[in-house]
Enquirer: 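The structure is given below, and queries will be raised subsequently.
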Amino acid sequence: MEGSEENICWPIDIFVQKLPKLEVHAHLNGSISLSSLNKLLHKKNSENLEPVKESITFSKRDTLSLTEIEQTVSSFKDRALPHQKTILPCQLESLATCDVIQEFAQDNVHYLELRSTPREVAGQMSRRSYVETVLAAINKSQELGLDIIVKFLLSIDRRNPLAVAEETVHLAKEFMLSSDAMVGIDLSGDPCAGDACSFIPVLSCAKNAGLKLALHLGEVPDKNAECRELLKLFPDRIGHGTFLHSSKGATNDVFSIVCVNQVPLEICLTSNVTSKTVSSYSDHHFNLWYSAGHPCILCTDDKGVFQTSLSNEYLKAAEHYHLNQEQLWNLSYSSIDHCFADSEVKSVLKEKWKQLKNELLPACPEMVN
Ligand SMILES: CNc1ncnc2c1ncn2[C@@H]1O[C@H](COP(=O)(O)O)[C@@H](O)[C@H]1O
Ligand SMILES: [Zn+2]
């Protein structure tokens with residue numbers, strides 16, 4: 001009966017759109033939508049229909065292997081770049097970043113953490129200028145008056161050599177001194193590639209400098225040894241954590257470190273099912289962790305590649321795990337505690353959420369705070 005009363009408030013698809021949301025796991029280049037990509041490609045040169053059509057066909061498929069995702073994500077925009085003779089990589093990055101931020105804002109995301117791997121294009125863009133460009137685009141979006149706070153994490157791609165990771169952390173340390181937006185380091189890339197443990201010293205250096213750590217951990221099975229070592233860093237959040245539950249093959253010590261420390265999990269439903277690291281929504285680890293009261297944050301991962309939105313991820317949680325509107329609101333609200341903003345920003349966000357609550361859940365006076 002309670003459920004039917006809630007439905008009187010808003011239909012669920014409208015509710016999830018109106019719900020104020022936080023996005024904390026979004027890879028910049030995987031978040032570029034097809035419409036944005038199309039726009040960028042046609043900005044100066046209209047001959048380049050081929051790569052766009054290709055991307056659309058590729059990403060409309062229902063499932064993608066992790067390797068295919070890697071190829072799609074990392075070449076999503078790069079495939080188009082050589083055709084763009086009149087626009088510089090930095091300009092393209094800037095436009096793409098602005099579009100991604102605007103799209104999240106339109107989806108009622110009021111706080112966004114973007115992450116991206118600084119990359120260089122010989123003779124045209126250094127890793128440093130890549131970081132400067134994204135930060136400038138973030139500043140620009142803040143000046144446009146969009147109702148969204150944006151932060152930035154630099155990604156270490158585990159396929160890259162240690163020297164690149166060292167340069168990445170060096171850049172993050174340097175830019176955090178001049179920009180409030182620079183908040184942390186992410187470890188990502190093909191989860192089967194490279195030796196993630198070799199990055200422990202550099203990750204530790206980032207943490208000691210005051211940068212937050214969000215690590216992709218246990219994205220694929222049989223990585224207990226790697227997870228055990230990386231968990232010794234006490235990451236601030238875990239990306240996916242698909243195989244970190246004892247019932248998903250994690251050893252008891254690995255499982256218990258995550259539980260005891262209440263390390264928040266960044267949950268990407270569509271991404272995991274599409275990339276087949278999880279066989280179905282009913283088999284998704286979110287079910288296990290959420291029902292045990294473990295901190296979970298719904299995220300998109302690569303909204304462009306997977307053609308999703310954060311509203312859609314909340315809708316999926318409602319559909320597959322029978323979360324009611326009050327639970328969805330609480331899930332979004334509790335995510336504020338796990339974001340990488342300072343306590344002042346968190347207070348501002350909590351205030352905003354509380355104000356919006358009355359409009360969103362008028363018929364739910366029994367709601368918890
Ligand atoms: C699907 N699950 C995933 N697992 C691991 N890493 C992922 C990922 N999805 C994306 N990336 C990482 O993000 C990069 C693209 O964004 P940026 O160029 O950095 O902005 C990819 O090349 C990969 O390293
Ligand atoms: Zn990810």
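In this text, all values refer to a predicted model and were calculated from it rather than measured experimentally. Below, all heavy atoms of this structure are taken into account, side chains as well, without hydrogens, waters or symmetry copies. We count ligands from 1, going down the list as the structure has it; atoms in each ligand are counted the same way.
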Enquirer: Kindly identify the option in His27, Glu219, Arg159 whose heavy atom sits closest to atom 22 (O) of ligand 1.
Expert: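 Answer by nearest heavy atom: Arg159.
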Enquirer: Give a yes or no on whether a salt bridge exists between Glu174 and Arg128, defined as a side-chain N under 4.0 angstrom from a carboxylate O.
Expert: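 A salt bridge links Glu174 with Arg128.
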Enquirer: Are Lys232 and Glu229 within salt-bridge range, i.e. N to O under 4.0 Å?
Expert: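 Salt bridge flag = yes for Glu229 with Lys232.
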Enquirer: Identify, by name, the N, O or S atom of Asp301 lying closest to the Zn ion (ligand 2).
Expert: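 Result for Asp301 and the Zn ion (ligand 2): OD1.
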Enquirer: State the atoms of ligand 1, each with its element, that fall below the 4.0 Å cut-off from a heavy-atom position in Ser188.
Expert: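 So the answer, numbered in order with elements, is 6 (N).
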Enquirer: Report, in ascending order of atom number, the atoms of ligand 1 lying under 4.0 Å from any heavy atom of Leu28.
Expert: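 Taking each heavy atom of Leu28 in turn, ligand 1 has 20 (O) under 4.0 Å.
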Enquirer: Does the distance from a Lys or Arg side-chain N to an Asp or Glu carboxylate O, for Glu23 and Lys151, drop under 4.0 Å?
Expert: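 Between Lys151 and Glu23 there is no salt bridge, as every charged N stays at least 4.0 Å from the carboxylate O atoms.
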Enquirer: May I ask you to establish whether Lys346 and Phe340 are in a cation-pi arrangement, using a distance under 6.0 Å from NZ or CZ to the six-membered ring centre and at most 45° from the ring axis?
Expert: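 That pair does not qualify as a cation-pi contact.
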Enquirer: Shortest non-hydrogen contact from Asp99 to Ser36?
Expert: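 Shortest heavy-atom separation between Asp99 and Ser36 comes out as OD2-OG, 2.7 Å.
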Enquirer: Of all heavy-atom pairs between Leu22 and Ser332, which one has the smallest distance, and what is that distance?
Expert: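 Looks like CD1-O, 3.7 Å.
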Enquirer: Report, in ascending order of atom number, the atoms of ligand 1 lying under 4.0 Å from any heavy atom of Ser271.
Expert: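 Heavy-atom distances to Ser271 below 4.0 Å select 1 (C).
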Enquirer: Of the backbone and side-chain N, O or S atoms of Glu266, does one lie nearer to the Zn ion (ligand 2) than 2.8 Å?
Expert: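 No - counting backbone and side chain alike, Glu266 has no N, O or S atom under 2.8 Å.
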Enquirer: Would Arg127 and Glu132 pass as an ion pair if we require N to O under 4.0 Å?
Expert: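 Salt bridge: no.
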Enquirer: Suppose we only count N/O/S atoms under 2.8 Å; would Cys268 qualify as near the Zn ion (ligand 2)?
Expert: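 Coordinating: no.
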Enquirer: With heavy atoms only and a cut-off of under 4.0 Å, state how Asn29 meets ligand 1: side chain, backbone, both or neither.
Expert: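 Both of them.
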Enquirer: For ligand 1, which atoms have a heavy atom of Asp157 less than 4.0 angstrom away?
Expert: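 Those qualifying, in numeric order: 24 (O).
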Enquirer: Do the side chains of Asp190 and Arg158 get close enough for a salt bridge, i.e. N-O under 4.0 angstrom?
Expert: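 Salt bridge between Asp190 and Arg158, a charged N being under 4.0 Å from a carboxylate O: no.
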Enquirer: May I ask you to identify, for His216, whether its side chain, its backbone, both or neither come under 4.0 Å of ligand 1 on a heavy-atom basis?
Expert: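 Side chain only; the backbone of His216 stays clear of ligand 1.
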Enquirer: Suppose we only count N/O/S atoms under 2.8 Å; would His240 qualify as near the Zn ion (ligand 2)?
Expert: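 No.
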Enquirer: Are any of the N or O atoms of Asp301 closer than 3.5 Å to those of ligand 1?
Expert: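 Yes - when backbone and side-chain N and O of Asp301 are compared with those of ligand 1, one distance drops under 3.5 Å.
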Enquirer: With nothing but distance in play, are any N or O atoms of Pro191 less than 3.5 Å from an N or O of ligand 1?
Expert: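 Pro191 vs ligand 1: no N/O contact under 3.5 Å.
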Enquirer: Under 4.0 Å from a heavy atom of Ser116: give me the atoms of ligand 1 that qualify, with their elements.
Expert: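 Those qualifying, in numeric order: 17 (P), 19 (O), 20 (O).
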Enquirer: For a ring-ring contact (aromatic ring centres under 6.0 Å, His included) with His240, tell me which candidate from His25, His285, His245 qualifies.
Expert: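 Among His25, His285, His245, the one meeting ring-ring contact (aromatic ring centres under 6.0 Å, His included) with His240 is His25.
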Enquirer: Applying a 4.0 Å heavy-atom criterion (strictly less than), which segment of Asp302 is in contact with ligand 1: side chain, backbone, both, or neither?
Expert: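 Looking at Asp302 and ligand 1, just side chain atoms fall under 4.0 Å.
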Enquirer: Please find out if less than 6.0 Å separates the ring center of Tyr290 from that of Tyr321.
Expert: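 No: the rings miss the under 6.0 Å criterion.
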Enquirer: At the Zn ion (ligand 2), what's the angle from His27 NE2 to His216 NE2, rounded to 10 degrees?
Expert: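 For NE2 of His27 and NE2 of His216, the angle centred on the Zn ion (ligand 2) reads 100°.
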